[in-house]
Every structure is written in C-alpha cells, then in structure tokens.
Amino acid sequence: MLSNFPNLLRKKEVIVIKTVEYSTLKPYLASNINADLDAQSILTYPISQKTLAIEANSYYFGHPEWAKNYFEACHRNDIFKSRWQAATGSWDDKIVVDIGCGPGNLFATLGGKPKLLIGVDVSYGGLEMAQSLGYTPVLADAHNLPFVSGFADIVAVNATLHHCDQMDVVLAEAARLVRPGGILITDHDPHCSAWNFQGLGMWLWQFRLGLYRLIKRGGHASAAEQNWGLATEVHHQPGDGVTAEMFHRTLEPLGFTVKTYPHNHHLGAETFEGNYGQSEWKYRFAQFLSGINPDSPQAALSLMCVATRHTEC
C-alpha cells in the first residue's frame, strides 16, 4: 500500500515562468489566474483536489530514474511515430497542447517546429525534462485546465486518460481548447472490451506482476517502481478503460466529428485503414480464457480517437 506521499505538488505555490515564454503563452491563459514571475521556468497552478492518482502521477513521473526509464521505453518507436503523423500531420507552425506530456515522449518522437508547444502535467520533475526538449511547461490538473477556449490547432492526449480520475471530464476539458477546424487526438489508453479479463485470464493478469519484477522489465525493476507505476493507472484495470461510446457521447455534443480506431501496438499508419492487427500471445491467451475473441476488433488493446472540431459557419 502506498503512503507518505512526497509533497511535490506544493513545491511551487505561485505561477512562475521565464518572461520570454510568458509573453508567448499569456494570450492563451485564463484571465482569472494571477501570475508571478521569477527565475524559475515552470508555470504552476494550484491543484485544489490532490487525489491519490494525482499524487502518484506527480511522484512517479517526477522520479529521475523512473521517468528516464519511461521516456526511453514508451512511445518512442517508428511504428508509433507513423500512426501519430498520419493522425495529426505536421506540427510545424501549429499551436500544440500536449496534455499529460510527462517527460516529453510525444514531441521527442514526432519532432517538428510548432509555433507554440505547451506541455501540461501534474509532475514537476516530468515537466522539467519536457522543458529541456522544447516544451513550454504548465503544471496543472487536466480536469481543470487554466487556458482560454478554442485556441489550439492540435490537442494531444496520449496515454493519459487512464491516469486520470474522471476520463470523460479530462476529455471534455481537452476538447474545449481545440479551435474550429482543429483536432483532438487520444491514444494508448486501454480499450475496455480488450481488458475484460475473467477467471483464469484474470489470474494470469495478476500473475504477471511477480514475473515482471523477476525479469526486471521496464517500469517493474523494483517493487517500489512497480507499485507507484500501477498507482498512476487508475483505469488500466480488468473491465475498465476507454470505449467508443464515451468518445462519441462526450465529444459530439461539443461540436466534433469523432472517429475511433481500435489497434494493437505494433500497427502504425495502417490503423486508419481498418487494420487492428493481433496482440501478443500472452494477451490473446488471457482473452481466450476470459471468453473474448482475440481476433476481434474488441480485443485490440488500445482505442485511438481522432476528433475534428466543426468549423464555424
């Protein structure tokens, strides 16, 4: 059981950012938030409700060794890059908001020359790493983002929703930032129907944790790293995760055209051609034991959402 959370979220009590970055960011900040400038460079907003998930994400992704392990292991291959480039196109000259940016994996993989690249996270240490890659960092709760509405060309929410207490609230907040004609992308959140393990499938899911520690798999090199990592993933549990229904229900009333793409993690741009591929044998076996057809789109491990905001008439 996790206890004695470090008081990382109270490291800064006021908004602080370098003057040159603040002048670029200021037009997009909510006007009811006061700013204070000093020599620091992380724009920090008070988080009113510090839940277990927020504390865990703050600590895990701010841990210098664990954040480095995550940065090197996750979302950094050419397959991931091809899928995201097909979804978003070039980031050049765009205003991009990366919600749940962590140490900066997404931009490190995709590259480009955005007009403004804002990284939002609850982890101060993760934001420091992201800043070194070119992000303008903002420490804030994704459930209550400190920005005006409708200014971003691209809002990216990669591997983030399942780390948040209320996925639909975070999704709606992210959508609020998208300009007419802009796009919202989510990816690498567990597809609910694929992870609905039961019986022996559930037993295998639980058994994996000890095996991962034994082989020192990335993110599981020690009991502490594993426990903190698992605490961050609020909705990566059997029978939980994102659904197509949630994306349509949340985004369509906000003026978006919504498309969802189930996919396994070895697929790149072909995801958008209706190809969802096959997962690794261990997932297929657990799904088979749980009564899930491992060759169905419902068994694809992730569900990507690409939503375009309608243009104004």
Side-chain angles (χ1 to χ4, degrees), residues 1-11 42 47 50-77 80 98 100-106 108-109 119 121-133 135 137 139 141-142 158-165 187-190 194-195 197 200-241 264-266 279-283 285-286 301-302:
M1 182 174 179
L2 303 176
S3 60
N4 300 320
F5 287 104
N7 200 16
L8 296 180
L9 293 180
R10 298 176 181 84
K11 186 171 182 178
I42 306 294
I47 296 176
K50 300 177 179 70
T51 65
L52 177 67
I54 288 176
E55 295 277 13
N57 280 281
S58 173
Y59 183 52
Y60 180 83
F61 290 102
H63 189 288
E65 180 182 350
W66 301 345
K68 182 175 181 291
N69 291 344
Y70 177 86
F71 179 80
E72 293 176 349
C74 299
H75 321 299
R76 297 301 313 279
N77 57 52
F80 176 89
D98 183 358
C101 67
N105 298 55
L106 194 55
T109 298
D121 210 280
V122 296
S123 170
Y124 194 94
L127 286 170
E128 287 182 312
M129 292 181 63
Q131 184 182 40
S132 70
L133 299 174
Y135 281 85
L139 193 152
D141 182 357
N158 180 58
T160 294
L161 290 177
H162 69 280
H163 289 269
C164 301
D165 291 289
D187 195 14
H188 264 274
D189 292 299
W195 298 92
F197 297 143
L200 287 174
M202 175 71 85
W203 182 83
L204 284 176
W205 168 255
Q206 299 295 345
F207 177 78
R208 85 199 191 287
L209 297 178
L211 178 62
Y212 286 171
R213 286 197 303 269
L214 181 66
I215 65 176
K216 304 295 183 182
R217 183 175 180 236
H220 300 267
S222 68
E225 183 176 6
Q226 184 180 78
N227 288 339
W228 280 102
L230 292 174
T232 71
E233 297 185 322
V234 183
H235 297 283
H236 194 174
Q237 307 292 336
D240 200 354
N264 288 295
H265 299 157
H266 63 281
S279 60
E280 298 176 48
W281 70 266
K282 58 184 178 181
Y283 300 113
F285 189 48
L301 298 180
S302 288

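Under the 4.5 Å side-chain criterion, counting only non-hydrogen atoms from C-beta, H265 is in contact with S302. Counting only heavy atoms from C-beta outward, the side chains of L139 and I47 approach each other to under 4.5 Å. Counting only heavy atoms from C-beta outward, the side chains of L161 and H235 never approach each other to under 4.5 Å. Using a 4.5 Å heavy-atom cutoff, the side chains of L133 and F71 are in contact.
Interatomic distance, CD of E233 versus NE2 of H162, reported as 4.0 Å (0.5 Å rounding). Note that CG of L127 is 5.0 Å distant from SG of C101, once rounded to the nearest 0.5 Å. For the atom pair OH of Y135 and CD1 of I42, the computed distance is 13.0 Å after rounding to the nearest 0.5 Å. The line from NZ of K68 to CE of M129 is 8.0 Å long, rounded to the nearest 0.5 Å. Rounded to the nearest 0.5 angstrom, E55 CD and T232 OG1 are separated by 13.5 Å. Annotation: the span from F285 atom CZ to S279 atom OG amounts to 13.0 Å, rounded to 0.5 Å.
The shortest heavy-atom contact between Y70 and A159 is OH-CB, 4.2 Å. The nearest pair of heavy atoms linking A286 to F197 is CB-CE2, 3.8 Å. Closest non-hydrogen pair, A194 versus L301, comes out as CB-CA, 4.1 Å. In terms of heavy-atom proximity, A53 sits nearest to H163 at CB-O, 3.9 Å. Residue A67 comes nearest to P103 through the heavy atom pair O-CG, 4.0 Å, listed as atom of the first residue, atom of the second, then distance.
Aromatic ring pairs are classed by plane angle as parallel below 30°, tilted from 30° to 60° and perpendicular above 60°; the pair H75 and F80 is tilted.
A donor-acceptor contact shorter than 3.5 Å links the side chain of D121 to the backbone of G102. Of the possible polar contacts, one joining the N105 side chain to the C74 backbone as a donor-acceptor pair under 3.5 Å is found.
Not a single ring-ring contact (aromatic ring centres under 6.0 Å, His included) links H266 to another residue, sequence neighbours left out.
For W66 and Y60, the gap between ring centers is short of 6.0 Å. Ring-centre distance between W195 and Y283: below the 6.0 Å cut-off.
Using modelled atom types, one finds no donor on one side chain facing an acceptor on the other under 3.5 Å when comparing H188 with N158.
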